[in-house]
Amino acid sequence: MNPISSAGSQDPEANAKKRRSAAAALRYVEPGSVLGVGTGSTVGHFIAVLAAHPGLVHSAVSSSEATTRALRSAGIEVLDLNEVTAIDVYIDGADETTRARHLIKGGGGALTREKILAAAAQRFVCIVDDGKLVSTLGAFPLPIEVIPMARELVARELVARGGRPVWRRECVTDNGNHILDVHGLSITDPCALECALNQIAGVVTVGLFAKRPADVLLVGTATGTETI
Ligand code: 5RP
């Protein structure tokens, strides 16, 4: 799997907004801190910002093999989560977000390690372009990582709950699992849905980040960055 899109592959306007939100994240990074780093094109911009500040951070814990490669190319030491006692700040993008900072993540397939790093972090700063901001989550299909042998079982359970799961056939996650993208959900109670879907046997991670939302949302716009 190659879950990180290259940092220049988006449409130019969205790309410029992503770059603005990524640049704004730098003010949340204390010198000498241990960073958690997510996955995706917005994070790609953030890693480029870090590369321009050599020696700023002590080290990073990465959410994917692709991010690990990008961090190492930027000269940043990458540690295993088991080697650190705390992550000072976790920086990551999202596929959708509300103003309550509830997120859908996993478009890049790295949702499990991303959720672990968000849980481990003292502070979670989410960086998005304003096209990701919605009033109700669910127009973006909800990614769910599943144990491969349980894929069809989980899919049937999701259909019973009103979703339309689609197997992301080309994708095997860094953990060796499969992903179902669930269409047709209007997520009015993200915490309740996250808890309910977590109970289905065979589900590894639900790409809803509501029980542990972002602490700060930096939204890149045409003219600057809005902080929520
Ligand atoms: C990866 C993710 C990404 O944060 C999400 O897909 C956003 O990606 P991008 O910054 O490329 O728009 O959850 O699993």
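Ligands are counted one by one from 1 in listed order, and the atoms in each one are counted from 1 as well.
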Considering only distance and modelled atom types, tabulate donor-acceptor pairs under 3.5 Å from the side chains of residues 158-168, sequence neighbours left out.
from   : atom 1 : to     : atom 2 : distance (Å)
Arg161 : NH1    : Glu157 : O      : 3.2
Arg161 : NH1    : Glu157 : OE1    : 2.9
Arg168 : NE     : Asp181 : OD2    : 2.9
Arg168 : NH1    : Gly106 : O      : 3.3
Arg168 : NH1    : Gly107 : O      : 3.1
Arg168 : NH2    : Gly106 : O      : 3.0
Arg168 : NH2    : Asp181 : OD1    : 2.8

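Ligand-side atoms of ligand 1 in range of Asp92: 4 (O), range being under 4.0 angstrom from any heavy atom. Each of the atoms 4 (O) of ligand 1 lies under 4.0 Å from some heavy atom of Gly93. Set against the non-hydrogen atoms of Asp95, the atoms of ligand 1 under 4.0 Å away are 5 (C), 6 (O), 7 (C), 13 (O). Residue contact check: Gly109 has heavy atoms under 4.0 Å from atoms 14 (O) of ligand 1. If you number the atoms of ligand 1 from 1 as listed, the ones under 4.0 Å from a heavy atom of Thr39 come out as 1 (C), 2 (C), 3 (C), 4 (O). Short contacts between ligand 1 and Gly106, defined as distances under 4.0 Å to a heavy atom of the residue, involve ligand atoms 2 (C), 13 (O), 14 (O).
Of the N or O atoms in Ala110, one or more lie within a sub-3.5 Å distance of an N or O in ligand 1. Between Gly40 and ligand 1, no pair of N/O atoms sits closer than 3.5 Å.
Other residues, nucleotides and ligands contribute at most 12 non-hydrogen atoms within 6.0 Å of the NE2 atom of His58.
Under a 4.0 Å N-O distance rule, the pair Arg99/Glu226 qualifies as a salt bridge. At a threshold of 4.0 Å, the pair Lys211-Glu194 does not count as salt-bridged, since none of the basic side-chain nitrogens sits closer than that to a carboxylate oxygen.
A side chain to side chain contact (heavy atoms under 4.5 Å, CB included) with Leu111 is found for one member of Thr205, Leu142, Thr39 and no other, namely Thr205. Under the side chain to side chain contact (heavy atoms under 4.5 Å, CB included) rule, Cys126 has a single partner from Leu103, Leu218, Val216, Ile228, which is Leu103.
Ligand 1 lies out of reach of Gly38, whose nearest heavy atom is not under 4.0 Å from it.
Contacts between Ala94 and ligand 1, counted as non-hydrogen atom pairs separated by less than 4.0 Å, involve the backbone only. Of the heavy atoms in Val128, none comes closer than 4.0 Å to ligand 1.
A distance-only check finds a donor-acceptor pair linking the side chain of Thr221 to the backbone of Thr223 [under 3.5 Å].
Under the side-chain contact (heavy atoms from CB on, under 4.5 Å) criterion, Glu77 pairs with Ser59, Leu79, not counting sequence neighbours.
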